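Here is the structure we will look at, set down as structure tokens.
Every value quoted in this text rests on a predicted model; they were computed, and no experiment measured them. First the proteins, then the strands, lettered A, B, ... as listed; each starts at 1.
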Number of protein chains: 2
Amino acid sequence: MDDGGWRPVKRTRTFEDVLAQIERRIAEDGLTAGDRLPAERQLAEQLGVSRSSVREAMRVLESLGVVSSQVGRGPDAGAVLTSRPETALTDLLRLHLGMAGLELREVIDARHMIEQWAASHAASAGAGTSALAAALSGMDGARTAEEFVEHDTAFHCAIADASGNRLISAIMRSLRDSMRRYAVEAVERLGDTATLRAGHVRILRAIEAGDADGAARAVSEHLAHAYPSLFDH
Amino acid sequence: MDDGGWRPVKRTRTFEDVLAQIERRIAEDGLTAGDRLPAERQLAEQLGVSRSSVREAMRVLESLGVVSSQVGRGPDAGAVLTSRPETALTDLLRLHLGMAGLELREVIDARHMIEQWAASHAASAGAGTSALAAALSGMDGARTAEEFVEHDTAFHCAIADASGNRLISAIMRSLRDSMRRYAVEAVERLGDTATLRAGHVRILRAIEAGDADGAARAVSEHLAHAYPSLFDH
DNA sequence: TGGTTCGATATGGTCTGACCATACTGTGGT
DNA sequence: ACCACAGTATGGTCAGACCATATCGAACCA
């Protein structure tokens, strides 16, 4: 055991260095959505690494919804900073749900929390009622379970949007998107969409009336009806 | 405008195909955390693509907390499925906060929502009080703002953990980690940690007493005291 | 028999250099 | 003023090489 001659070995992978450098540059230069990053080849030369490593870093940033790459030439080409947490969150949740690393119950509880919060905030602030009403009226034409879920998602996301908090909105939308498959199954199993529609109407009425507690309660009952097996507690 | 001769061009990038194939394999074979993926070279040959494309797909999966790569040889080497949504969420939030794609206010509101929810659930279920008490007692030794924030984070995450929902726990931990910098600033600006400690005690007491509404109120007041400028509404 | 040493091997990590498809840029001709 | 076309910068992909690491296994020694 000769520890005496120990010297710091390379522990971070090259692409992680690149990530750190890019993140540092974003922070120091105050880059925001819309700004362009240097081209891959240029960045590779600047940082003294291969283009492969730069590309792997780009893939990470892209998967986290921070950059978007466009081919070709011109002002819009190259790696452009974006702010799309939704897509990243959706992928993340979908993959972890698929691997059974998360259970449906946990996702639905999170939805429950967000919708209650958003509905009572919307009721207190008296905001977003027109968007909600629009989403509600759009549901009448839905014939298949898929169509119904599509409009249902729009309505529930409109509740979250009414909160004005982009992070919570993004989480809500990702939760819905990642569990779309299960939502369709739930609607098909339930058969009856009339009660679900009625639940939406009650939520909207409570928000319009500025009744925060009533809105939260309506959300709760609506979800309990849609997923009865998960609300045994 | 000659649209007549349109033919299906390649729209999806190769590494996205690889991602889809891997996701399909996870779903069909029922792979879960701990299972191994084929080696990069092998996967490349199976799918008829280059190793670079497989590697870019791996980087994405790794950044989303779905796989973890180990070098070397043996049963634990290679790409192993994992379930680490926290790390991915933390990176995602930190990057978006850094680019000003999200505002601190939104992150703190989300924290507020989660902690209220978790505290009232913990109070109703009477769960997690011992972990909370342990986290609370650990705070007494904190001298610097950094140390205080460290223990503060542990306490607040313990509240989320008490909910038993891994997704909400992961979101909470990521929110805290990504705003650690701002939390330290807030504590330094505030100076007084005694009131913050007292707030923790009130939260714990309410949870121990099974007082869900009281716990939610205590959380609310605690956060309002810590970030007064963000609670003007 | 048991342990140790050391080469073979499988894995991810990195680099180089090439080629392709795309989309703008600028030039030159009409 | 318009249009056609070559030039060029960009990301996307590939092939092949080499390195570092960690295990495996056989040969070797005690």
Would you kindly give the [atom1]-to-[atom2] distance between [X] and [N], to the nearest whole Å?
X: B/R41; N: D/dC18; atom1: CZ; atom2: C1'; result: 10 Å
X: A/R59; N: C/dG13; atom1: CZ; atom2: P; result: 17 Å
X: A/E56; N: C/dG13; atom1: CD; atom2: C1'; result: 8 Å
X: A/E45; N: D/dG11; atom1: CD; atom2: P; result: 14 Å
X: B/R73; N: C/dG7; atom1: CZ; atom2: P; result: 16 Å
X: B/Q70; N: C/dG13; atom1: CD; atom2: C1'; result: 13 Å
X: A/E40; N: C/dT16; atom1: CD; atom2: P; result: 15 Å
X: A/D76; N: C/dT22; atom1: CG; atom2: P; result: 18 Å

**Fill in**
Among C/dC15, D/dG12, C/dT11, the one nearest any side-chain atom of A/R51 is D/dG12
**Message:** Checking contacts here: which listed nucleotide (C/dG12, D/dT13, C/dC24) is nearest the side-chain heavy atoms of A/P75?
**Reply:**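 The nucleotide sitting nearest to the side chain is C/dC24.
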So what does [X] hit on the nucleic acid, given a heavy-atom distance under 4.0 Å: a base, only sugar-phosphate, or nothing?
X: A/A39; result: sugar-phosphate
X: A/G72; result: base
X: A/S52; result: base

**Message:** For a quick check, tell me whether the side chain of B/R13 and the base of D/dG11 share a donor-acceptor pair closer than 3.5 Å.
**Reply:** no
**Prompt:** What about A/R55: does its side chain form a donor-acceptor pair under 3.5 Å with the base of D/dG11?
**Reply:** no
**Asked** Would you say B/S69 reaches C/dT11's phosphate, i.e. side-chain N/O to OP1/OP2 under 4.0 Å?
**Response**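 Indeed not, no polar side-chain atom of B/S69 lies that close.
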**Request:** Give a yes/no on whether any side-chain N or O of B/T14 is located under 4.0 angstrom from OP1 or OP2 of D/dG12.
**Result:** no
**Request:** State whether B/R84 and B/E62 are salt-bridged, where the test is any N-O pair (Lys NZ or Arg NE/NH1/NH2 against Asp/Glu carboxylate O) under 4.0 Å.
**Result:**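 The answer is no: the pair does not qualify as a salt bridge.
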**Asked** When the ring planes of B/H200 and B/F155 are compared, do they come out parallel, tilted or perpendicular, using 30° and 60° as the limits?
**Response** parallel
**Asked** Taking only residues two or more places apart in sequence, or in another chain, which ones meet B/R24 in a side-chain hydrogen bond (donor to acceptor under 3.5 Å, both in side chains)?
**Response** B/Q21, B/E28
**Asked** Donor-acceptor pair, A/H112 side chain versus A/I108 backbone, under 3.5 Å?
**Response**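 Pair absent, no side-chain N/O of A/H112 close to backbone of A/I108.
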**Asked** Are the side chain of A/T193 and the backbone N or O of A/L196 linked by a donor-acceptor pair below 3.5 Å?
**Response**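 No: the side chain of A/T193 does not pair with the backbone of A/L196.
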**Residue closer to the 5' end of DNA chain C, A/G74 versus B/M58 (nearest nucleotide)** = B/M58
